[in-house]
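Step one of this worksheet: look at the structure below.
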Amino acid sequence: MAAARRRVTARRTLAGVPELPEVESVRRQLAPWLTGRRVEAVWWDPHPHARFHAVDRLTGRRLTAVTRRGKFLLLPLDPTADGTHLELVLHLGMTGSLRVGPDQRPDGAAAAPLSHVRARLDLDDGSVLAFRDPRRFGRLSVVEAGRYAEVVPTLARLGPEPLSADFTPEVLAAGLAASRAPVKARLLDQRLVAGVGNIYADEALWRARIHPASRRVGAGRAAVLHAALVAVLAAAIAREGTTFRDYQMVNGQSGRYADHLDAYGQHGRPCRRCGTTLRRTVVAQRGTSYCPRCQRV
DNA sequence: CCGGGCCCCTGGATGC
DNA sequence: TGCATCCAGGGGCCCG
C-alpha cells in the first residue's frame, strides 16, 4: 500500500533536468526573440552563491545568434569597441529556465513578478529576458568567443554533438573501449558525447538493452547504443523535451516526452518490452532505473 | 589523465 | 497538522 502510493507519487512529481532536447527546444524558441537584440541593461543576483562570470560585459552588446553545444546555450555578441568578440555562455543547471517577453502588460501595468529570478537582460525592443533558477545550479558567463577552458571547463572538453556527423558508432565504440567505467557514467560524462543527462542515459540504455552498470560494451553493442541515443534524443526534441516539474519552456509550457519514458523514473512499473518490474539502483551517484531482465551487463 | 566520491543549493516529499 | 529530515542532480573540484 505504502509502496504503491509512493510509486504513484513519484510518477506524478517526476522531476528532471534540462538536457540536450530541452536546451535545444529553448534555443529554438529564444532565437527569434533574441537574435539581433541589443542588451540595454543587465541585472544579476548578488547572492554569494550565484554562479555568474563577467555578466556586466553584456551591457551595450548585440546578440547575434542563439546556438547550442550539448546542454550549453551559446550567444555570440557583436564585437566590442576594441574588436573583441565575446560570447554569453548559459547553462540551465538543474532548475534553470528562461522567460522572454514584454515587461509591461498590454494595459500598461507591470507584469506580475516572477519568482526566483537570478538575472535579467533588458533588451532594446522593451522586452526582458529573465533567468529563473530556484536552486542556483545554473551558470551565466561572458567569455571571449571560443575561450572556454578557464571559465567553463566542461564546455572546453565537450564531446561531439550526438545528432551530428561527428558522432558515429565507431567514435562511441572507441570511447567506450578506452575506459572501464560503467557505461552510464561514460554517457553522463560530457567528454564522450555532449548533452546526455540522467533521463536520456536511462532511456537509451533501456532501448539498447544494456545494463547501466556494464563496464564492457563492445563494438556491436556500441553500435546499438549509438542508434538508441540518436533515436531517443531526436524523438525528445520532436516533442520539445520531457514534462517535469522544474523545466519550463520559454512560453511557460512543458514538453511532451514524459508519456514516452520507458525507463527513467519508471522503477516499480513493468518493463514495456518483457513485463519484468523495473528496478532502481545508483550508478555514478545518480538514480538509475533499468530492466533487470532485458538489460544485460 | 582517469575514475570515483563529495559537494554546491533549495523546494518538495517523506517521516514521525 | 507541523516540524525535521531526506532527496533530486550537472558539473566543479579534489584525491588516489
Side-chain angles (χ1 to χ4, degrees), chain A residues 1-23 26 45-53 68-73 89-97 114-119 131-141 143 148-159 174-203 212-217 241-248 258 261 263-268 280-289:
Chain A
M1 182 60 154
R5 188 166 60 241
R6 199 150 46 234
R7 279 200 301 276
V8 169
T9 302
R11 213 177 310 144
R12 196 182 310 140
T13 61
L14 189 67
V17 166
E19 303 180 25
L20 187 152
E22 290 73 27
V23 178
V26 169
D45 187 0
H47 192 282
H49 297 121
R51 299 170 179 184
F52 301 131
H53 176 85
R68 180 191 58 74
R69 271 285 279 138
K71 304 174 197 174
F72 292 88
L73 284 171
V89 179
L90 202 159
H91 197 294
L92 296 174
M94 274 187 70
T95 58
S97 63
L114 299 170
S115 60
H116 308 297
V117 172
R118 309 304 187 197
F131 175 62
R132 311 173 72 188
D133 187 18
R135 297 188 194 181
R136 302 180 191 274
F137 275 38
R139 289 168 183 270
L140 255 71
S141 307
V143 301
Y148 306 130
E150 297 87 352
V151 179
V152 206
T154 299
L155 179 56
R157 305 199 293 172
L158 204 58
L176 291 175
S179 160
R180 279 175 299 283
V183 59
K184 179 169 175 180
R186 301 305 314 287
L187 294 181
L188 297 178
D189 182 316
Q190 301 295 297
R191 291 171 294 180
L192 177 57
V193 56
V196 178
N198 211 27
I199 296 174
Y200 300 109
D202 276 9
E203 292 300 296
S214 174
R215 294 173 187 269
R216 283 192 217 124
V217 175
T242 300
T243 300
F244 47 83
R245 188 183 56 229
D246 294 316
Y247 169 62
Q248 290 189 317
L261 291 175
Y264 176 79
Q266 304 301 305
H267 49 278
R280 183 185 182 279
T281 185
V282 175
V283 178
Q285 290 81 50
R286 298 292 174 255
T288 299
S289 297

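Residue numbers begin at 1 in each chain, while the letters A, B, ... track the order of the sequences. Everything numeric here is computed off the predicted structure, so don't read it as measured data.
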query: What is the distance from CZ of A:Arg157 to P of C:dG10, rounded to the nearest Å?
result: 17 Å
- prompt: Whole-Å distance between B:dC7 C1' and A:Met94 CE?
  reply: 13 Å
- line: A:Phe137 CZ to C:dG9 P, in whole Å, measures 11 Å
message: Using OP1 and OP2 only, check whether a side-chain N or O of A:Arg215 sits under 4.0 Å from B:dG4.
response: yes
- request: Using a strict cut-off of less than 4.0 Å between a Lys/Arg side-chain nitrogen and an Asp/Glu carboxylate oxygen, indicate whether A:Asp202 and A:Arg286 qualify as a salt bridge.
  value: no
task: Output yes when at least one side-chain N/O atom of A:Gln190 is less than 4.0 Å from OP1 or OP2 of C:dG11, else no.
output: yes
- prompt: Taking only N and O in the side chain of A:Arg136, is any of them less than 4.0 Å away from OP1 or OP2 of B:dT10?
  reply: yes
message: On the six-membered ring of A:Phe52, is A:Arg139 placed so that its NZ or CZ lies under 6.0 angstrom from the centre and within 45° of the ring axis?
response: no
- line: From the candidates B:dG11, C:dG10, B:dG3, the one with an atom nearest any side-chain atom of A:Arg191 is B:dG3
message: Side-chain N or O of A:Tyr264 versus OP1/OP2 of C:dA8: is the shortest distance under 4.0 Å?
response: no
message: Distance check needed: C:dG11 P versus A:Tyr148 OH, whole Å only.
response: 15 Å
message: Assuming nearest nucleotide by heavy-atom distance, tell me which of A:Arg118 and A:Ala181 is located more 5' along DNA chain B.
response: A:Ala181
query: Could a donor-acceptor pair under 3.5 angstrom be found where the side chain of A:Arg286 meets the base of C:dA8?
result: no
- prompt: Does a side-chain N or O from A:Arg139 land closer than 4.0 Å to OP1 or OP2 of C:dG10, or not?
  reply: no
- prompt: Below 4.0 angstrom from OP1 or OP2 of B:dT10, is there any side-chain N or O of A:Arg132?
  reply: no
task: Measure from CZ on A:Arg135 to P on B:dA13 and round the result to the nearest Å.
output: 11 Å
field: Nucleotide nearest A:Lys71 when distance is taken to its side chain, options C:dG11, C:dG9, B:dG4
entry: C:dG11
query: For A:Gln285 and B:dG5, what is the distance between atoms CD and P respectively, to the nearest whole Å?
result: 6 Å
Under-3.5 Å donor-acceptor pair between A:Arg180 side chain and B:dG3 base: no
query: To the nearest angstrom, how far is A:Asp189 atom CG from B:dG4 atom C1'?
result: 12 Å
statement: A:Asn198 atom CG is separated from C:dG10 atom C1', nearest whole Å, by 10 Å
message: Could you tell me if the side chain of A:Arg118 sits less than 4.5 Å from the side chain of A:Leu140, heavy atoms only?
response: no
task: Would you indicate whether the side-chain heavy atoms of A:Val89 and A:Tyr148 approach each other to under 4.5 Å?
output: yes
Heavy-atom closest contact (A:Ser289 atom, A:His267 atom, distance): OG-ND1, 2.9 Å
query: A:Thr288 and A:Arg280: side-chain donor and acceptor closer than 3.5 Å?
result: no
message: Regarding A:Gly287, tell me which of base, sugar-phosphate or nothing describes its non-hydrogen contacts under 4.0 Å with the strands shown.
response: sugar-phosphate
task: Classify the side chain of A:Arg51 versus the base of B:dC8 as yes if they form a donor-acceptor pair under 3.5 Å and no if they do not.
output: yes
